[in-house]
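The figures here come from the full heavy-atom set of this structure, side chains too, leaving out hydrogens, waters and symmetry mates.
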Amino acid sequence: MTSAPTAALTYLVAGQTGAHERQLARFDDDQWQEYLDLLSGLFVLTVDRRFRPGEPAAVIRFVASVRERFDPAGTAIDPTVAETLMYAALGQHDTLPATAETITAQTLLVVALVTDEGLSPAGLADLIDDTTTMIAAEPDDRPAAVTPDGPAAVTPDGQPADQQQPDDHGHQPADPT
């Protein structure tokens, strides 16, 4: 049986953004953390499949292409953050804390990396399987681009947990920690 976070990640890489967003909206805290772990794992795997350490020009060109495709206004992806995430995935930089900014950049980079591979549905399924296998490994053996303790500070909609606003009915969102 596929977990909800695995299903959400599958929707994301398959380009089914509506289903992805609906799935994310239903997550509890544990599912949100599992999803962020899967996203980070997929990011590391896809960066490793495409890049090698010591290729800064390739990383810079790729980030520029992602910004051109997904962030034409230049407001969603900080190029320095995106490049640093990629260097961290390659083991060339310390991990970054998980914030709305790093999670957004990581998500868009993953979408671009997977899209560029042009995988078949079976290839996408294999990639997701490889990711879940990696995530099931001991946490200390797991590569990462963002620190694992950071995601608790961000809600599923990417907002800092300490800055959440009440919903339309005046209810305060649940504390994700």
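Although no hydrogens or angles enter the test, the distance criterion places no donor-acceptor pair under 3.5 Å between the side chain of T102 and the main chain of V81. Proximity of a side-chain donor or acceptor of T131 to a complementary backbone N or O of L127 within less than 3.5 Å is detected. Side chain of T115 to backbone of A112: no donor-acceptor contact under 3.5 angstrom is found.
Put simply, OH on Y87 and OG1 on T80 are 9.5 Å apart, with the number rounded to the nearest 0.5 Å. T107 OG1 to Y35 OH: the interatomic distance, rounded to the nearest 0.5 Å, is 5.0 Å. The distance from the CG atom of L39 to the CG atom of L12 is 7.0 Å, given to the nearest 0.5 Å. Taken to the nearest 0.5 Å, the CD1 atom of I128 stands 4.0 Å off from the CG atom of L9. The distance from atom CD of Q106 to atom CG of L113, rounded to the nearest 0.5 Å, is 10.5 Å. If you take CD on E55 and CD1 on I60, they are separated by 12.0 Å, rounding to the nearest 0.5 Å.
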Worked check of side chain to side chain contact (heavy atoms under 4.5 Å, CB included) between E83 and F62
CA-CA 9 Å; E83 291 166 13; F62 177 73; over 6 Å; no
Could you go through the side chain to side chain contact (heavy atoms under 4.5 Å, CB included) check for L42 and L38 one step at a time?
CA-CA 6 Å; L42 180 59; L38 287 166; over 6 Å; no
Give the intermediate values and the outcome of side chain to side chain contact (heavy atoms under 4.5 Å, CB included) for residues V47 and L90.
CA-CA 7 Å; V47 167; L90 292 167; 3.7 Å; yes
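At a threshold of 4.5 Å between side-chain heavy atoms, the hydrophobic network of Ile, Leu, Val, Met, Phe, Trp and Tyr places Y11 and V111 in two separate groups.
Counting only residues at least two apart or in different chains, salt bridge (Lys or Arg N to Asp or Glu O under 4.0 Å) contacts with residues 14-26 are absent.
Taking each heavy atom of L124 and A14 in turn, the nearest pair found is CD1-CA, 4.2 Å. Minimum heavy-atom separation, A4 to Q23: CB-NE2, 3.2 Å. Scanning both residues, D71 and T75, for their nearest heavy atoms gives OD1-N, 3.0 Å. Shortest non-hydrogen contact noted between A98 and I103 is CB-CD1, 4.3 Å. Shown here for A88 and D94, the closest heavy-atom pair between the two residues is CB-O, 3.6 Å. Nearest heavy-atom pair, A76 versus T104, reported as atom, atom and distance to 0.1 Å: O-CG2, 3.8 Å.
For D116, the salt bridge (charged side-chain N to carboxylate O under 4.0 Å, His left out) criterion is met by R50, R69, not counting sequence neighbours. Applying the side-chain hydrogen bond (donor to acceptor under 3.5 Å, both in side chains) rule to E34 yields the partners S3; only residues at least two apart in sequence or on another chain are considered.
In the model, Q33 has a side-chain atom that pairs as donor or acceptor with a side-chain atom of D37 under 3.5 Å.
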